[in-house]
Amino acid sequence: MCRTWSVVVFVMLWGSGCGPVIPSSTVRLDEQSSSDAINGVQKPSPIGSHLPSVKDGEAWFVNVADKAGLSTVLHCGGTDKNHILESVGSGCAWIDFDEDGLLDLFLVNAWALDDSPRRVREKARNVLYRNMGQGRFEDVTAQAGVGGDDWGCGVCAADFDNDGHVDLYVTNFGSNRLYRNQGNGKFEEVAERTGVATPGWSTGATFFDADGDGWLDLYVVKYIECTFDDVLRAERTTVWQSTAKVMAGPFGLRGGKDRFFHNNRDGTFSDTTDQVGMTDTAESYGLGIVASDLDSDGDVDVYVANDSNPNFLYRNDGHGMFTEIGGFSGSSVTADGRPQGSMGVDAADFDGDGLQELIVANFAQDFCTLYKNEGQLFFTDISAAQHMKEFTYAQMSWGCAFFDYDLDTKLDLLILNGHIYPQVEAYPALHETYKQLPTLLHNVGGRLHEVSRQAGPGLQLAESMRGLAVGDYDNDGKPDLLITAMDARPLLLHNDTATSGHWVKVRLLNRYGSPAINATARLTSGSITQWREVRSGSTYCSQNSFDLHFGLGNASEVQMLEIHWPSGRTSVQRALAVDQTHVFREP
Amino acid sequence: MKFVFASLVLGSALLLADPADKPAPGSLDAAVESYEHLAIVLVEVRKTEDMVVKSIIAHHHQAAQEHLKAARGGKDVLKHLEAAATEVTNVANEGDKRVLAIRQRLAKAGSTHLTDSETKEDYLWINSKEKKAVLAAAKSIAQLGEKATPDQIAAAAKSLDALYQKAVMPE
């Protein structure tokens, strides 16, 4: 089956009324089917034949990684996972590094270890795949110069030096890397020179403009203090559920201290963690992060997901000084006052009230937590009301993201799962598996309903999943999913949901022509208003597409789009055509 | 207290002895005696830990009450309410973030992540029900906002004191 979508991109120069139109391009999708094994469900018929019988909006995802050419195996230690470093996996990113209008993808890789004797078998490299169109990608890592062979963990992207090109920051066990995009398809590694190499074990990271000076600062989350000798010497000493001996930690280990780097506006950064009020005295085991204007007051706040400890909520005073208020905000622990083993985090206006909720993905035998935003940075745990325990209790959860897969204007929720202990497979009585299926929750009128097992073959692939990035790589208007898994190839889940819904994508560029990080767009179509924010880094150690995606349902026009730029300026666009990507640039 | 520290020194010395050394003849009696001393130390250390943590909780409660008193004075109301709320959070957590960092290293090495086992208690004085109530009090105090009246603040202070007294009573 072939389908044709026209992607017409308009560039509307802010302040000029109507701008020039970029020549339209047509993306033609070939028939796509999954060649991967289906676990636990009957293998469905090929994509083309199922579509006429499904209901409008019924979720359908297909893994097209093979056809797309994504062959890289992502490693994370040995088979037995003796040390906690071998448990966290690595992230992924959607970025358009060559600025051709097609999302390219970046995969963070780590090392493969032999278990007996314990030694490094392979220092695997990160991979950059260029989107060639037609659903195909080519490995351009070597040409681009981003194939670091560090033990990689996470990635976030942004234009840190305001040269108009999106750069990549990769967190590692060991010094981090900052790949500066030179605008010619090549990157140069500048972490040491710019002052953000920060040794130790870094996980999540995000660029954001803390003090509103127009230059992006950087927050780096740290997990645990340990050495590679510790990793090689590690033995499994913890008894899990009175059965298997598994890796130790994180309790009993020393937590890492998160770092904040201020952008000096000259291509370098300074570590000002203590000066801005972000001293991590708790030494918590940090993993996930989202930087977002959570109280809609015009500055960017920071939420950090900590493993086994209360999460942090840093309130920005508008001048780049922060106060950690997680404790009394209601967002650091569950409604019962209990810290969780938190991994991934995302924020979005899930209920359409203009304030962003938080979803936090957590450890097994615990639920993922949905915090409702009450305003002024107060939150309420509404997990029970949304049946999150029913949906997520058994699984161990990592990447998580709000997105509107069926274009019905309501934000749905995807949560990736996967255990950290491969040993659980040997004990059927535990009812746990190392490889787990993802969880897709459909938002129907503000209520979440699980549709995972009816959501196509791509959602029936069990892996020990970690990183998640959402982006519409084929410009068909439906958000697709890039997923990393432990010691496996990545998954590329093409969104093949049959829907009559319309959509728009909004690309917000700053005055330098690069993504306007933390710019927001408030869209009104019919009686519905939706709200999105451009972000660097979120879900779990990953980077979503910078394009803001809006499902519009049956609305045939966007009446109004109100853009709030990080500079404080506001612009309003009216009567936007649907099923297109609109590009707006800050003056 | 002196006894505790002396015992700690003794205990440390005993622990430093290499257990892999070949035991000398008759050393079993000595080892058992050492273990007896060590047991005394361990019991005393646990009691001491209880009292240290109780004093930490008391400090945070007192600080919270002082901030609430200052807020009633009508100056920098929000600042004092938030400071009080932070202190109340520290009461709930049996210490501030520095204590949290200590506690996670003291946790049994190799113990796994927290789960929501209803029977699990990680704290010395404040059980999970009390913690929930104290954290709710912290949020309520912060939410009073800058227009809070002295009566509202006084009521919050009284309510907090009741929670505190109940929490630090021996179970």
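Chain naming here is simple, since letters A, B, ... match the order of the sequence lines and numbering starts at 1 in each.
- Using a cutoff of 4.0 Å between basic side-chain nitrogens and carboxylate oxygens, B:Lys97 and A:Glu283 are not scored as salt-bridged.
- Legend: residues meeting salt bridge (charged side-chain N to carboxylate O under 4.0 Å, His left out) with A:Asp336, ordered by chain and number and at least two apart, are B:Lys132.
- For the pair B:Asp96 and A:Thr281, the minimum side-chain heavy-atom distance is 4.5 Å or more.
- With sequence neighbours left out, the ring pair (Phe, Tyr, Trp, His ring centres under 6.0 Å) criterion links A:Tyr371 to no other residue.
- Of the two parts of A:Phe379, only the backbone, made up of N, CA, C and O, holds a non-hydrogen atom closer than 4.5 Å to a non-hydrogen atom of chain B.
- The environment of B:Gln165 atom CD is dense: over 12 non-hydrogen atoms of other residues, nucleotides or ligands sit within 6.0 angstrom.
- Among the residues in residues 133-154 of chain B, those with a non-hydrogen atom closer than 4.5 angstrom to a non-hydrogen atom of chain A are B:Leu135, B:Ala138, B:Lys139, B:Ala142, B:Gln143.
- Interface with chain A: from residues 69-91 of chain B, residues B:Glu82, B:Ala85, B:Thr86, B:Thr89 qualify, criterion being any non-hydrogen pair under 4.5 Å.
- Note that CG of B:Leu100 and OG of A:Ser308 are 10.5 Å apart. Values are rounded to the nearest 0.5 Å.
- A distance of 11.5 Å separates CZ in B:Arg98 from OG1 in A:Thr279, rounded to the nearest 0.5 Å.
- No more than 12 heavy atoms of other residues, nucleotides or ligands sit less than 6.0 Å from atom CD of A:Glu235.
- Contacts of A:Thr323 with chain B are absent, with no heavy-atom separation under 4.5 Å from either backbone or side chain.
- When all heavy atoms are compared, the tightest approach of A:Pro339 to B:Lys131 is CD-NZ, 3.6 Å.
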